[in-house]
Each structure stands twice: as C-alpha cells, then as structure tokens.
Number of protein chains: 2
Amino acid sequence: MRHPDQPYHHGDLRAALLERAAEQLRTGSPADLSLRRLARDLGVSHAAPSRHFPDRRAFLAALAASGWQRLDAGLAAADPGPDAGLRSRVLALGRAYVRFATSESALLELMSAGKATGEATGGGTGGAPHAADAVSGPARVVLDAQRRGEVVPGDPETLATALWAGLHGVAALSVSGALPGADVDRLLERTVDALLDGLRPR
Amino acid sequence: MRHPDQPYHHGDLRAALLERAAEQLRTGSPADLSLRRLARDLGVSHAAPSRHFPDRRAFLAALAASGWQRLDAGLAAADPGPDAGLRSRVLALGRAYVRFATSESALLELMSAGKATGEATGGGTGGAPHAADAVSGPARVVLDAQRRGEVVPGDPETLATALWAGLHGVAALSVSGALPGADVDRLLERTVDALLDGLRPR
DNA sequence: AGTGAATGTAGTCGCTGCCAACAATGTGTG
DNA sequence: CACACATTGTTGGCAGCGACTACATTCACT
C-alpha cells in the first residue's frame with residue numbers, strides 16, 4: 001500500500017498536518033476537516049495522525065493555538081510603536097485584526113469556539129497560547145498612553161481588555177459579510193473614535 | 001421496530017428537534033449534535049429529520065436562526081426604555097447579552113459560526129433572522145440619545161454597530177472563562193464607559 | 001370515498017474517528 | 001558495534017454518522 005520511494009518516516013508530520021489543515025480552513029469550515037483526509041493528502045496512513053494528537057479535539061486545539069500565535073505575531077508586526085499617535089496605533093491594530101479575521105475566518109471561528117466549549121486548559125506550566133496573548137497588543141498601547149496622560153488612569157489590564165473587546169467586535173462583524181466591504185474600515189474608524197473619545201459629545 | 005402506542009406522526013417534529021438540540025447545546029458543543037441521536041431521543045426513526053431539514057447544515061442554520069430570535073427578544077425585554085439614563089440603558093443591553101452568551105455559549109458559537117462560514121442567505125424576501133436583528137437594540141438607543149443630544153451626530157446605523165461591536169466583544173470574552181467571573185461585569189462597565197465617554201481624559 | 005401530499009420507517013452506502021496488533025525506523029547504552 | 005527500546009507509521013476492524021432510496025402510514029381536500 002505504501003509508495004516505495006517515500007521514506008517510512010515523514011519527518012515532521014505534526015507540523016505538516018497543522019499546516020495543511022490551516023490551508024484547507026481557508027476554503028472550508030472546521031467541521032469539514034477530516035484527519036483521514038489530511039493523512040491521505042499527505043501520503044500517510046489514516047492512523048498516523050493519532051501518533052501526534054490523541055484525538056480530533058486535541059488536533060483542533062493545536063490548530064487554534066497556532067492560530068493565536070499567528071494572530072499575535074500579526075498584531076505585533078502591525079504596531080507602529082509608541083511614537084505613532086494613539087488613534088493611528090489603535091487603528092493599525094484593528095486593521096491587522098480585521099485583515100486576519102477576513103482572510104482566516106474559519107480559523108478564527110475555531111479559535112473562538114475552542115474557548116467557548118471548555119478546551120481543558122489542563123493547568124501546569126507553559127500552557128498553550130490563547131486569547132490572553134493577543135490582548136498583549138492593546139495592553140502595550142494602553143500602558144504607553146497612560147504614561148503620557150492620553151488615557152484615563154485605572155487598571156490598565158481592564159482598559160486594555162475593553163479596547164480589545166471593541167476591536168474583536170468589529171472583526172467579528174466584518175466576517176459576517178453583512179457589511180458592504182469598504183464600510184468595514186469606516187465602522188472600525190467609528191468604533192475606535194467611540195472607544196477613544198466616546199459617543200457623547202465633548 | 002415501532003412502539004405501538006405511539007402515534008405514527010409526531011405532531012411537530014421540526015420544533016421538537018430544534019428544542020431538543022438547543023437543550024443539548026447547553027451541555028455540549030455543536031459538533032456533538034447528531035441528527036440520528038436527536039431522532040432516537042424523540043422516539044422517531046433516524047431518517048425522519050430529513051423530512052424537515054434537507055441536511056445537517058440546514059438544521060444548524062435553523063437552530064442558529066432560532067437563537068438570534070431568542071437573543072433579540074432577550075435584548076428587547078431587557079431594554080429599560082428611553083427614559084432610563086443612556087449609560088444604564090446600554091449597560092442593561094450589555095448585561096442581557098452577557099447573560100445569553102454565558103448561559104448559551106454553544107448556541108452563540110453556532111450563531112456566530114453560521115455567519116462566518118457562508119450560510120447561503122438565498123436572497124428573497126423575509127430571510128432568516130440573523131445578527132442584523134440583534135443590532136436593532138443598540139440602534140434604538142442611539143437614535144433616542146441622538147435626539148436628546150446625548151450622542152454625537154453621525155450615521156446612527158454605524159454608531160449603533162460600533163456600540164454593538166463593543167458589547168459583542170465583551171460577551172465573547174466573557175464566554176472564554178478567562179475572566180474570573182465577577183470581573184465580567186466590571187469589564188462590561190469599563191467598556192461601556194469607554195464607548196460613551198472615551199478612554200481619553202475629558 | 002378516494003386520491004395525492006406530508007410525514008415517518010427500514011435498509012444501505014461511504015466516510016469518519018477511534019482502537020488494537022504489527023512493522024519499520026531512530027536512538028542511546030552495553 | 002550490537003542490541004534493546006522508544007518513536008513513528010501501517011493495516012484491519014468497529015460503531016456511529018449523514019445522505020440516499022424504496023416503501024408505509026396518515027392527513028387534507030375534493
């Protein structure tokens with residue numbers, strides 16, 4: 001059943017499975033992912049994936065974790081740094097998040113669902129990366145801005161989470177497709193304006 | 001194979017399936033839902049559900065639609081009306097949303113995922129209820145507040161969506177369980193404060 | 001009374017995730 | 001260098017699932 005010119009061991013099947021799955025998520029929902037199909041695509045037997053992931057849930061969790069890592073990296077790369085204006089800095093984060101959400105909507109769905117449905121965090125040191133890491137972007141921004149007096153005092157973590165909530169909401173809405181495209185950026189701008197300056201007149 | 005004292009026709013199998021499924025979503029993820037299992041639980045053959053839903057996706061879509069209806073109703077019921085202060089009105093909406101999100105997290109996951117993964121909206125009149133309906137809550141609030149000059153002028157729909165994005169973000173984060181419970185309400189308050197008064201000092 | 005639409009049943013197919021038994025390869029120790 | 005053992009992959013089998021087909025029962029309307 002095996003191709004003779006293929007080495008018996010794949011090399012890094014675990015990474016290959018995650019990569020291929022992330023690829024397929026760009027054209028399908030998480031429910032359509034099949035371990036057997038992935039194994040077939042990679043030229044490996046249907047039971048091979050079980051050597052790297054105890055079950056399907058664990059595989060999806062690992063996939064979600066890699067998604068959080070990529071989102072975190074994307075946000076960090078988009079951050080123009082403390083010298084940019086507060087508004088443009090927050091906007092940059094928001095645009096990076098929206099870009100991720102629209103280009104990897106199924107992956108984001110998986111990442112969010114993982115949190116919602118339990119996903120035994122299993123204690124111990126060095127847990128998997130998750131939402132908390134992504135909030136580090138807004139956290140940096142809030143801390144810098146508070147230091148300059150550009151943001152009201154108060155627990156920076158809570159304020160950063162509030163900021164994150166706003167950006168997350170825009171990203172989530174942008175995925176729905178209900179917004180006519182170019183309006184997404186307008187919505188992002190208005191949301192950031194509301195978060196920074198408030199909906200009430202000044 | 002049939003129980004003789006059971007009537008051949010169920011009466012309203014479609015509604016029963018949706019109800020039972022919503023029940024099971026309170027203790028499991030959407031992926032765990034099985035049409036065959038639901039049919040078994042309702043004492044009906046495994047193919048009966050297909051008379052009411054062409055396939056599993058359609059069933060989940062109907063389930064999500066019923067979720068949007070319930071969320072919309074919950075928000076409308078929680079609205080204290082235009083005479084309450086703006087802040088307390090928005091807070092009431094937010095608390096209702098968070099309550100729904102935490103008590104029906106799997107259903108909300110399904111509702112959000114449905115939007116993300118396409119869910120052929122199939123045009124035509126009177127489409128299924130969805131996110132747009134839920135935004136009607138914030139829309140009313142923004143309109144009333146603008147009329148009183150308590151909210152800056154501007155396209156009310158966009159402002160309402162910005163407000164909704166903030167509330168949605170808090171609800172999404174509250175589901176993750178990363179927040180220590182009582183902190184959820186604190187986060188909601190801070191987020192509403194940010195949305196209304198802004199993070200910048202006044 | 002009779003006919004066709006709705007609704008439910010039984011059986012089958014291919015696919016899936018999971019499990020157990022076995023095979024090939026890598027690694028470290030005598 | 002040989003040999004034991006952990007790691008990684010293979011084959012085969014099982015039960016559950018969604019989808020399809022053919023058939024049965026009941027309902028609604030004429």
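Scope of the values below: all heavy atoms of this structure, side chains included, with no hydrogens, waters or symmetry mates. Each chain gets a letter, A, B and so on, in the order its sequence line appears, and its residues count up from 1.
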Can you give each donor-acceptor pair under 3.5 Å made by side-chain atoms of residues 39-51 of chain A, sequence neighbours left out, with the distance rounded to 0.1 Å?
from    : atom 1 : to      : atom 2 : distance (Å)
A:Asp41 : OD1    : A:Arg37 : NH1    : 3.3
A:Asp41 : OD2    : A:Gln24 : NE2    : 3.0
A:Ser50 : OG     : A:Ala47 : O      : 2.6

By nearest atom, which of the nucleotides D:dC17, C:dG8, D:dG9 is closest to the B:Ala48 side chain? C:dG8
Atom pair distance, as rounded to whole Å: CZ in A:Phe53 and P in C:dC19: 16 Å
Between CG of B:Leu42 and P of C:dG8 the distance, given in whole Å, is 11 Å
Any carboxylate oxygen within less than 4.0 angstrom of a Lys/Arg side-chain nitrogen, looking at B:Arg186 and A:Asp155? yes
Non-hydrogen atoms of A:Leu71 and A:Ala134 that approach each other most closely: CD2-CB, 4.3 Å
Distance below 4.0 Å between A:Ser34 side-chain N/O and C:dT16 OP1 or OP2: yes
Rounded to whole angstroms, how far apart are NE2 on B:His52 and P on D:dG18? 16 Å
Roughly how many Å is it from CZ in B:Arg40 to C1' in C:dT9, rounded to a whole number? 15 Å
From CG of B:Leu38 across to P of D:dG18 the rounded distance in Å is 9 Å
Which residues pass the salt bridge (charged side-chain N to carboxylate O under 4.0 Å, His left out) test with A:Glu150, not counting sequence neighbours? none
Salt bridge (charged side-chain N to carboxylate O under 4.0 Å, His left out) contacts touching residues 64-77 of chain A (sequence neighbours left out): A:Arg70-A:Glu104
Measure CG/B:Asp12 against C1'/D:dT26 and give the value in whole Å, please. 16 Å
Heavy-atom nearest nucleotide on DNA chain C taken for B:Gly43 and for A:Leu33; more 5' hit belongs to B:Gly43
Taking only N/O atoms, report every protein-nucleotides 19-21 of chain D pair under 3.5 Å with atom names and distance.
from   : atom 1 : to      : atom 2 : distance (Å)
D:dA19 : OP2    : B:Arg56 : N      : 2.9
D:dA19 : N6     : B:Arg36 : NH1    : 3.3

Separation of B:Phe59 atom CZ from D:dC17 atom C1', in whole Å? 14 Å
Let me check something: any side-chain donor-acceptor pairs from residues 73-88 of chain B under 3.5 Å, sequence neighbours excluded? List them with distances.
from    : atom 1 : to       : atom 2 : distance (Å)
B:Asp79 : OD1    : B:Gly81  : N      : 2.8
B:Asp79 : OD1    : B:Arg89  : NE     : 2.8
B:Asp79 : OD2    : B:Arg89  : NH2    : 3.1
B:Asp83 : OD1    : B:Arg148 : NH2    : 3.4
B:Arg87 : NE     : B:Asp193 : OD1    : 2.7
B:Arg87 : NH2    : B:Asp193 : OD1    : 3.3
B:Arg87 : NH2    : B:Asp193 : OD2    : 3.4
B:Ser88 : OG     : B:Gly85  : N      : 3.4
B:Ser88 : OG     : B:Gly85  : O      : 3.1

Round to a whole Å and report the spacing from CZ of A:Arg37 to C1' of C:dG14. 14 Å
Any residue meeting side chain to side chain contact (heavy atoms under 4.5 Å, CB included) with A:Glu23, in chain and number order, not counting sequence neighbours: A:Arg20, A:Arg26
